[in-house]
Amino acid sequence: MSQDMKDSMMGVIENVIDPELGIDIVNLGLIRDVELNEEGTAIVTMTLTSMGCPMGPQIVANIEQELMELPEVKAVEVKIVWSPPWSKENMSRYAKIALGVR
């Protein structure tokens, strides 16, 4: 997969906003990796802010919807991982400023 394709995938995933925090999931540091295999399946490895996150299913559905807009993507698979756990250190500078986190 080219870096351009990876950038395109991350760009559309940036449209997915965490409903509880109001910041996109890329800047929150929830996305660990994105891949596009030869069959056109986008594989997203991500975490959530907590194991009990009630918005998890909605966030996954939004990721699928956004990635399917790319002509190269034929299917989407989202893998939720818990290790290493998410922490505020995963957040971008933008997200930290927007949420008032130091």
Side-chain angles (χ1 to χ4, degrees):
M1 180 177 74
S2 71
Q3 186 62 44
D4 285 345
M5 187 67 224
K6 189 172 196 146
D7 292 346
S8 293
M9 292 171 69
M10 291 297 282
V12 298
I13 293 172
E14 247 184 298
N15 293 324
V16 178
I17 305 297
D18 181 302
E20 294 181 311
L21 299 175
I23 303 291
D24 70 88
I25 63 174
V26 173
N27 278 294
L28 284 174
L30 299 180
I31 303 299
R32 299 281 166 83
D33 191 31
V34 293
E35 303 171 45
L36 184 65
N37 68 20
E38 291 181 15
E39 292 79 38
T41 300
I43 303 164
V44 179
T45 305
M46 67 171 295
T47 192
L48 296 169
T49 55
S50 69
M51 288 185 109
C53 178
M55 294 289 108
Q58 182 62 48
I59 290 170
V60 169
N62 291 349
I63 290 169
E64 292 170 352
Q65 180 181 352
E66 291 295 332
L67 284 171
M68 289 303 292
E69 295 292 322
L70 295 174
E72 298 88 350
V73 175
K74 309 296 181 230
V76 178
E77 179 184 331
V78 178
K79 297 178 182 179
I80 307 287
V81 297
W82 300 109
S83 182
W86 179 86
S87 72
K88 65 183 181 183
E89 284 76 38
N90 298 103
M91 295 168 50
S92 72
R93 182 173 180 271
Y94 161 77
K96 288 177 181 176
I97 291 170
L99 294 173
V101 174
R102 293 184 180 250

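All heavy atoms count here, side chains included; hydrogens, waters and symmetry mates do not.
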Single-linkage hydrophobic cluster [X]~[Y], side-chain heavy atoms < 4.5 angstrom:
X   : Y   : result
I97 : L99 : no
V76 : V60 : yes
V34 : V78 : yes
I43 : M1  : no

Residue set satisfying salt bridge (Lys or Arg N to Asp or Glu O under 4.0 Å) with K6, at least two apart, ordered chain then number -> D33
Table please: side-chain donor-acceptor pairs of residues 11-28 below 3.5 Å, with sequence neighbours left out.
from : atom 1 : to  : atom 2 : distance (Å)
E14  : OE2    : N27 : ND2    : 3.4
N15  : ND2    : V12 : O      : 3.4
N15  : ND2    : E66 : OE1    : 3.3
D18  : OD1    : E20 : N      : 2.8
D18  : OD1    : L21 : N      : 3.1
D24  : OD1    : V26 : N      : 3.0
D24  : OD1    : N27 : N      : 2.8
D24  : OD1    : N27 : ND2    : 3.3
D24  : OD2    : N27 : ND2    : 2.8
N27  : OD1    : S92 : OG     : 2.6

Criterion side chain to side chain contact (heavy atoms under 4.5 Å, CB included) on W86 and L30, from CA distance to verdict:
CA-CA 7 Å; W86 179 86; L30 299 180; 3.5 Å; yes
Between the NZ atom in K88 and the OG1 atom in T49, the distance rounded to the nearest 0.5 Å is 14.0 Å
What is the distance from atom CD of E77 to atom OG1 of T45, rounded to the nearest 0.5 Å?
8.5 Å
Residues which pass side chain to side chain contact (heavy atoms under 4.5 Å, CB included) with E72, listed by chain and number, not counting sequence neighbours
M5, L36, L70
Under a 4.5 Å cut-off applied to non-hydrogen side-chain atoms, are P84 and R32 in contact?
yes
Verify side chain to side chain contact (heavy atoms under 4.5 Å, CB included) between M46 and V81, making sure each step is shown before the conclusion.
CA-CA 6 Å; M46 67 171 295; V81 297; over 6 Å; no
List the atom of M9, the atom of A42, and the distance in Å for their closest heavy-atom pair.
CE-CB, 3.6 Å
Is it the case that the side chains of E39 and T41 hold a donor-acceptor pair, with the cut-off being a distance below 3.5 Å and no angle test?
no
